[in-house]
Amino acid sequence: MTAWEIKGWCPGALRPMQSGDGLVVRIRPPLGRLTPAQANAIADASETHGNGVIDLSARANLQLRGVTEASHPPLIQDLRAQGLIDPDIKTESLRNLIVTPFRPVGAGDSTAALADTLTAALSRMPRLPGKFGFALDTGPRPVLTGASVDIRVERCTDGRLILRPEGHPLGQPVTELAADAIAMAEWFVASGGVTNGRGRMAALIARGIVPPNCTLAPADPLPAPQPGLHPDGALIALAFGQMRAATLQALSALGHEIRPTPWRMLLLVGATSAPRITGVLTDPADPILRITACTGAPACPQALGDTRDLARQLAPHLPGTQTLHLSGCAKGCAHPAPAALTLTATGQGYDLILDGTAADTPSLTGLSPQAILDHLKAPNAPYL
Ligand code: SF4
């Protein structure tokens with residue numbers, strides 16, 4: 001029994017989720033990209049119908065915060081005019097697809113055709129859990145390996161496409177993408193992957209249950225990308241994956257196609273220099289990028305303490321290459337996996353957890369923000 005609420009589904013635009021600062025409206029950019037006009041419309045809609053705060057989710061979606069019951073219908077109308085809204089909730093909730101941001105523009109973008117094929121196939125999938133997702137990671141080497149999905153489309157070193165179930169090192173050769181993806185989803189359901197409407201592929205694989213014909217290894221994955229210039233454009237970061245509407249307006253005014261990524265960064269396609277815009281981080285050495293912090297109090301109703309203000313205070317004192325996960329409660333939304341160093345708000349200060357998740361047994365408990373700062377500033381801090 002957990003102390004926090006597990007929803008088992010992701011918010012959408014048509015089915016927003018209530019949070020401490022209003023409705024969270026999640027936009028799933030079609031094929032993982034936004035035109036400058038679409039990005040500008042999202043920024044305008046955030047200011048007009050929300051509180052002007054926009055999150056970038058770990059599934060490469062954009063979330064508008066602070067929307068109300070009254071402002072939701074006109075918001076949807078504005079976004080629908082930009083081609084950003086699915087026809088209905090069912091279609092929207094099925095479209096759990098992350099597309100690699102690193103791919104050519106225009107006719108050379110074979111990934112876009114694959115994304116169209118896979119998107120069309122989603123409506124023919126068996127009934128899958130709400131968080132079940134797909135990654136189309138079809139560059140020469142996978143780059144989305146850190147993203148939380150269930151079925152991956154990747155390439156072998158010889159360029160062949162494979163379908164790899166999350167948690168297994170090998171995948172099946174792809175003969176016909178739509179049919180093969182549907183078959184793997186059907187296998188997942190038939191093999192007992194779903195219990196009470198929930199379940200993830202990695203958990204099924206961990207039970208030793210593996211789909212047939214998984215014989216091909218993907219090419220070696222690329223390391224997690226850093227902010228800076230890449231062959232496809234400029235990758236810019238946002239502290240905690242959050243920006244003000246004005247930042248997105250300024251980015252859209254640069255005129256580049258914008259591709260949200262699961263690394264809480266945006267790719268400005270074709271940009272040859274890093275933009276200087278308030279709220280945009282372009283230095284990979286910026287210590288704030290070494291802190292993962294969830295929404296926390298007051299915007300998350302389950303939070304037992306602040307996260308992001310504290311993260312900003314701690315960042316300049318974080319030594320060397322030290323990373324930190326700051327969680328508003330033991331649910332650990334922002335980093336469900338173990339982290340080297342985690343601070344979890346408890347309502348009685350913060351617990352410090354070493355090499356564990358936000359819910360693991362702490363090494364120190366009840367730390368005040370000042371005690372944490374003092375600890376970080378101490379020479380040879382014993383827990384770092
Ligand atoms: S981990 Fe953070 S965002 Fe998730 S429920 Fe707890 S406080 Fe809210």
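Atoms within each ligand, like the ligands themselves, are counted from 1 in listed order.
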**Student:** Heavy-atom contacts with S327 under 4.0 Å: which atoms of ligand 1 show up? List them by number with element.
**Tutor:** 1 (S)
**Student:** Just jot down the ligand 1 atoms closer than 4.0 angstrom to any heavy atom of C294, in number order.
**Tutor:** 1 (S), 2 (Fe), 3 (S), 7 (S)
**Student:** Regarding Q313 and D309, is there a side-chain donor-to-acceptor distance under 3.5 Å anywhere?
**Tutor:** no
**Student:** Taking 4.0 Å as the limit for heavy-atom contacts, which would you say applies to C300 with ligand 1: side chain only, backbone only, both, or neither?
**Tutor:** side chain
**Student:** A quick test of your reading: do over 12 heavy atoms of other residues, nucleotides or ligands sit less than 6.0 Å from CG of D158?
**Tutor:** yes
**Student:** Examine the proximity of ligand 1 to C329 and report which part, side chain or backbone, both or neither, has a heavy atom under 4.0 Å away.
**Tutor:** both
**Student:** Can you label the angle between the H325 ring and the H335 ring as parallel, tilted or perpendicular, going by 30° and 60°?
**Tutor:** tilted
**Student:** Using a distance-only test with no angle check, is there a side-chain donor-acceptor pair under 3.5 angstrom linking S19 and R65?
**Tutor:** yes
**Student:** In terms of atom number and element, which parts of ligand 1 are under 4.0 angstrom from non-hydrogen atoms of K331?
**Tutor:** 5 (S)
**Student:** Considering only heavy atoms of A303, which atoms of ligand 1 have at least one such atom less than 4.0 Å away?
**Tutor:** 7 (S)
**Student:** Measure the CE-CE distance between M125 and M184 for me, rounded to the nearest 0.5 Å.
**Tutor:** 10.5 Å
